[in-house]
Amino acid sequence: ASGRAWGATVDVVSMLLYIAFPVAWGLTRWTRASERSFWLLFGVIALGMAVPRALGVFPVSGSAVYAVIIPAIIVLETLLYRRQPAGSRSGAYLLGGGACFLLALVIWRLSHSGAPLCDPGSLVQGHAIWHLLCAGATFFIFLGYASEADEG
């Protein structure tokens with residue numbers, strides 16, 4: 001959004017919404033709650049983060065939220081995986097998604113202005129790689145969640 005403040009807000013809000021999904025889905029699976037409960041929880045988490053950020057009153061940065069939520073998701077998904085029957089495929093998919101996402105975060109951080117992967121004149125842009133890896137992570141996470149549904 002051309003470096004405008006509203007564009008930065010939309011960018012951070014979209015990342016908060018992205019991360020709210022696996023939190024809500026993991027907690028729903030952990031408690032064995034209904035799909036309706038998932039949507040309610042997702043809405044509460046998403047709105048609880050997005051609205052204050054959009055209003056400019058969010059108490060911490062988006063990076064700080066990620067620094068807390070990503071490890072929590074890893075722990076939750078590990079506990080959920082241990083509850084699954086032997087031979088479940090979802091763990092490999094979720095591990096692939098997590099690896100893609102963590103690599104994406106490293107590249108994103110190294111792509112900030114003045115960082116090693118920040119070269120506006122280069123054909124290869126770190127921020128573009130960040131987006132591609134996030135898309136890959138999303139695909140793997142989808143496969144992991146879908147395989148859980150397939151396995152019952």
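If you're wondering where the values come from, they're calculated on a predicted model, not measured in any experiment.
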Can you confirm whether Pro71 sits close enough to Val75 that some side-chain heavy atom of one is under 4.5 Å from a side-chain heavy atom of the other? no
pair Thr138-Tyr18: side-chain heavy atoms closer than 4.5 Å: yes
Give the cluster check for Leu76 versus Leu102: same hydrophobic cluster or not, with ILVMFWY residues linked at side-chain heavy-atom distances below 4.5 Å. yes
Tell me, do Ile19 and Ile70 make a side-chain contact under 4.5 Å, heavy atoms counted? yes
Going from CD on Gln125 to SG on Cys118, what distance comes out if it is rounded to the nearest 0.5 angstrom? 7.5 Å
Think Arg109 forms a cation-pi with Trp130, using NZ or CZ under 6.0 Å from the six-ring centre and within 45 degrees of its axis? no
Considering non-hydrogen atoms only, spot the tightest contact between Leu133 and Ala104 and give its length. CB-CB, 3.5 Å
Does atom CZ of Arg83 have more than 12 heavy-atom neighbours, drawn from other residues, nucleotides or ligands, at distances under 6.0 Å? yes
Leu103 reachable from Ile129 in the ILVMFWY side-chain graph, under 4.5 Å edges: yes
Less than 4.5 Å apart, side chain to side chain, heavy atoms only: is that true for Arg29 and Glu77? yes
Ile141 and Phe38: same hydrophobic cluster, using ILVMFWY side-chain contacts below 4.5 Å? yes
Using a 6.0 Å cut-off, check whether atom CH2 of Trp108 has over 12 heavy atoms from anything other than its own residue. yes
Can you name the nearest heavy-atom pair linking Thr28 to Ser34, along with the distance? CG2-O, 3.6 Å
Check whether any side-chain heavy atom of Leu27 lies under 4.5 Å from a side-chain heavy atom of Thr31, and answer yes or no. no
So Phe42 and Phe21, would you call those rings parallel, tilted or perpendicular, with 30° and 60° as cut-offs? perpendicular
Other than Leu55, which residues form its hydrophobic cluster under the rule that side-chain heavy atoms must be closer than 4.5 Å? Leu47, Val51, Val57
Is it the case that the side chain of Tyr66 and the backbone of Met15 share a donor-acceptor pair, with hydrogens and angles ignored and the cut-off at 3.5 Å? yes
Is Ile45 linked to Ile69 within one hydrophobic cluster, defined over Ile, Leu, Val, Met, Phe, Trp and Tyr using a side-chain heavy-atom separation of less than 4.5 Å? yes
Show the nearest heavy-atom pair for residues Leu110 and Ala115, with the distance to one decimal. O-CB, 3.1 Å
Ignoring hydrogens, what is the shortest heavy-atom contact between Leu16 and Met49? Give both atom names and the distance. O-CE, 3.3 Å
Separation between SG (Cys100) and CG (Leu105), nearest 0.5 Å, reads 11.5 Å
N/O donor-acceptor pair under 3.5 Å between Glu148 side chain and Gly91 backbone: no
When clusters are formed by joining ILVMFWY residues with side-chain heavy atoms under 4.5 Å apart, either directly or through shared neighbours, do Leu79 and Leu41 land in the same one? yes
Gly97 and Ala137 have their tightest heavy-atom pair at O-CB, 3.3 Å
When you compare the side chain of Arg36 with that of Leu40, does any pair of heavy atoms fall below 4.5 Å? no
Side chains of Ser147 and Ser90: closer than 4.5 Å at any heavy-atom pair? yes
Determine the minimum heavy-atom distance between Val13 and Ala54, stating which atoms define it. CG2-N, 4.3 Å
Any side-chain heavy-atom pair of Tyr81 and Leu94 under 4.5 Å: no
